[in-house]
Amino acid sequence: MDIIVRENYEEMSEYAAGVIGRFVRNKPYCVLGLATGSTPIGTYRRLIKMHREGLDFSKVVAFNLDEYIGVGINLDVPYEVDQSYARFMHEELFSHINVKKENIHIPDGLTKDPTGFCSWYEEEIKRAGGIDLQLVGIGGDGHWGFNEPGSSLASRTSIQALSPQTLSDNYESFYKKAGVERDKMPHFAITMGIGTILDSKNILMIASGVNKADVVAKCIEGPVTSQITSSAIQLYAGGVTVALDKAAASKLQNLQHYIHIERLKEEYGMG
Ligand code: GLP
């Protein structure tokens, strides 16, 4: 696991965008797994800038991690009343880069058949050749996507009930601002499973802020447990990079060791 610590959110975002940008440049036909939340916004802004400077997304296939059930893309509805992840992705990234509409996949929160949709989504990922690079954030309760405490670490794309902590965190970050009443916020979501995420060939996890410090330490250094579903990162066999700002890294017991490894890799040109 490469653990990269940067001074602040901006530098962490710069690093993460650099990883994704290089990936797309080296493999234009790549399959990217993308994430929502406030953390990736800085990374997406930089990717948009890179696109304006020539980075081509026209051959990229994208799969998003998750979507609330009961909301979905409908561009006729103003953003303030549509808190779908589909709209978030459209506003924060897709409408600013040249990824083809037909190459974008986001779980359909408005589907009449969520279970059937989940199987179809898994098949679509396989048909695309699997995810080359999956970007993930980390929820306050340690989730990836919406894989809440107690979800199997082998889970596939499925319907999940949101935990009380996720409901509260995501209400504060997104729904409250939009004036949505607390009990009107969706309580269920479709999410790629932990098993689906672990099938990706590379994973890039990002986290920022002191509020994430405890959960980041549990994820990276705590026991592997379905109570912190992102702790499955410790079982992952592919290439994994964790980009953190100093605040999010502040509770890592072996922080000095990770910083030392990064320096050594730079020194020996292994970065
Ligand atoms: C949501 C998403 C996760 C994301 C998490 C953290 O719950 N389903 O994919 O990692 O929010 O969000 P933030 O980056 O706003 O802390």
Side-chain angles (χ1 to χ4, degrees), residues 8-10 12-13 16-17 32-46 62-72 83-89 91-93 105-109 118 121 131 133-151 155 157-178 180 185-194 196-198 200 203-216 218-220 228-233 240-245 247-249:
N8 52 37
Y9 176 72
E10 299 304 326
M12 181 279 290
S13 303
L32 289 183
L34 297 171
T36 49
S38 44
T39 313
I41 291 176
T43 306
Y44 292 158
R45 299 234 160 111
R46 282 160 179 83
F63 283 90
N64 258 77
L65 278 174
D66 48 11
E67 177 64 280
Y68 295 106
I69 290 183
V71 292
Q83 293 295 306
S84 69
Y85 281 166
R87 178 172 289 274
F88 173 95
M89 290 307 297
E91 300 271 332
E92 298 295 343
L93 183 67
H105 305 80
I106 300 177
D108 180 2
C118 291
Y121 205 64
I131 292 170
L133 174 63
Q134 176 69 54
L135 175 68
V136 283
I138 182 170
D141 63 4
H143 68 211
W144 272 347
F146 276 123
N147 293 280
E148 301 292 43
S151 309
S155 60
T157 301
S158 65
I159 302 155
Q160 289 275 327
L162 308 192
S163 72
Q165 183 171 355
T166 298
L167 285 170
S168 154
D169 290 350
N170 293 11
Y171 182 72
E172 290 299 322
S173 329
F174 291 98
Y175 281 84
K176 197 174 170 182
K177 287 181 206 144
V180 176
M185 181 186 166
H187 281 48
F188 292 89
I190 295 176
T191 180
M192 276 187 206
I194 295 294
T196 320
I197 297 169
L198 294 180
S200 313
I203 293 177
L204 170 60
M205 182 171 113
I206 54 175
S208 162
V210 72
N211 292 346
K212 293 286 173 73
D214 276 320
V215 81
V216 163
K218 286 182 185 159
C219 160
I220 294 173
I228 302 286
T229 57
S230 57
S231 65
I233 200 168
V240 59
T241 303
V242 180
L244 306 169
D245 63 14

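In each ligand, atom 1 is the first atom listed, and ligand 1 is the first ligand listed.
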A.B. asks: Around atom 3 (C) of ligand 1, find the nearest protein heavy atom and jot down its residue, atom name and distance.
C.D. replies: G145 O, 3.5 Å
A.B. asks: According to salt bridge (charged side-chain N to carboxylate O under 4.0 Å, His left out), who are the partners of K177, at least two apart in sequence or on a separate chain?
C.D. replies: none
A.B. asks: Among all protein heavy atoms, pick the one closest to atom 4 (C) of ligand 1 and tell me residue, atom and distance.
C.D. replies: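 Answer, as residue, atom name and distance: T36 O, 3.7 Å.
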A.B. asks: Ring centroid separation for Y175 and Y68, is it under 6.0 angstrom?
C.D. replies: yes
A.B. asks: So for Y85, does at least one of its heavy atoms come nearer than 4.0 angstrom to any atom of ligand 1?
C.D. replies: yes
A.B. asks: Short N/O distance, under 3.5 Å, between F146 and ligand 1?
C.D. replies: no
A.B. asks: Mind checking the OG-CG spacing from S168 to L162? Nearest 0.5 Å is all I need.
C.D. replies: 11.5 Å
A.B. asks: Judged by modelled atom types alone, do S158 and S155 share a side-chain donor-acceptor pair under 3.5 Å?
C.D. replies: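 S155 and S158 do not have a side-chain donor-acceptor pair below 3.5 Å.
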A.B. asks: Centre-to-centre under 6.0 Å for F188 and F146, is that the case here?
C.D. replies: no
A.B. asks: For atom 16 (O) of ligand 1, what is the closest protein heavy atom, and at what distance to 0.1 Å?
C.D. replies: K212 NZ, 2.5 Å
A.B. asks: Return the closest protein heavy atom for atom 14 (O) of ligand 1 as residue, atom name and distance.
C.D. replies: T39 OG1, 2.4 Å
A.B. asks: With side chain to side chain donor-acceptor pair (under 3.5 Å) as the criterion, how do T36 and N64 come out once you've worked through the C-alpha distance, each side chain's angles and the decisive distance to 0.1 Å?
C.D. replies: CA-CA 8 Å; T36 49; N64 258 77; 5.3 Å; no
A.B. asks: For ligand 1, which atoms, with element, lie under 4.0 Å from some heavy atom of D66?
C.D. replies: 2 (C), 8 (N), 9 (O)
A.B. asks: Decide yes or no for Q160 and H143: does some side-chain heavy atom of the first lie under 4.5 Å from some side-chain heavy atom of the second?
C.D. replies: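 No - every pair of side-chain heavy atoms lies 4.5 Å or more apart.
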A.B. asks: Quick one: look at N170 and ligand 1, take heavy-atom pairs under 4.0 Å, and tell me if it's side chain, backbone, both or neither.
C.D. replies: side chain
A.B. asks: Does H143 reach ligand 1 with a nitrogen or oxygen that is under 3.5 Å from one of the ligand's nitrogen or oxygen atoms?
C.D. replies: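 Yes: some nitrogen or oxygen of H143 is under 3.5 Å from one in ligand 1.
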A.B. asks: What closest approach, in Å, do A247 and V210 show between heavy atoms, and which atom pair accounts for it?
C.D. replies: CB-N, 3.5 Å
A.B. asks: So does E67 pair up with R87, basic N to acidic O under 4.0 Å?
C.D. replies: no
A.B. asks: May I ask you to identify the nearest protein heavy atom to atom 12 (O) of ligand 1, giving residue, atom name and distance to one decimal place in Å?
C.D. replies: G37 CA, 3.8 Å
A.B. asks: For atom 6 (C) of ligand 1, what is the closest protein heavy atom, and at what distance to 0.1 Å?
C.D. replies: I138 O, 3.6 Å
A.B. asks: Tell me whether S173 has any N or O atom under 3.5 angstrom from an N or O of ligand 1.
C.D. replies: no
A.B. asks: Specify side chain, backbone, both or neither for A35, according to which of its non-hydrogen atoms lie closer than 4.0 Å to ligand 1.
C.D. replies: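 Answer for A35: neither.
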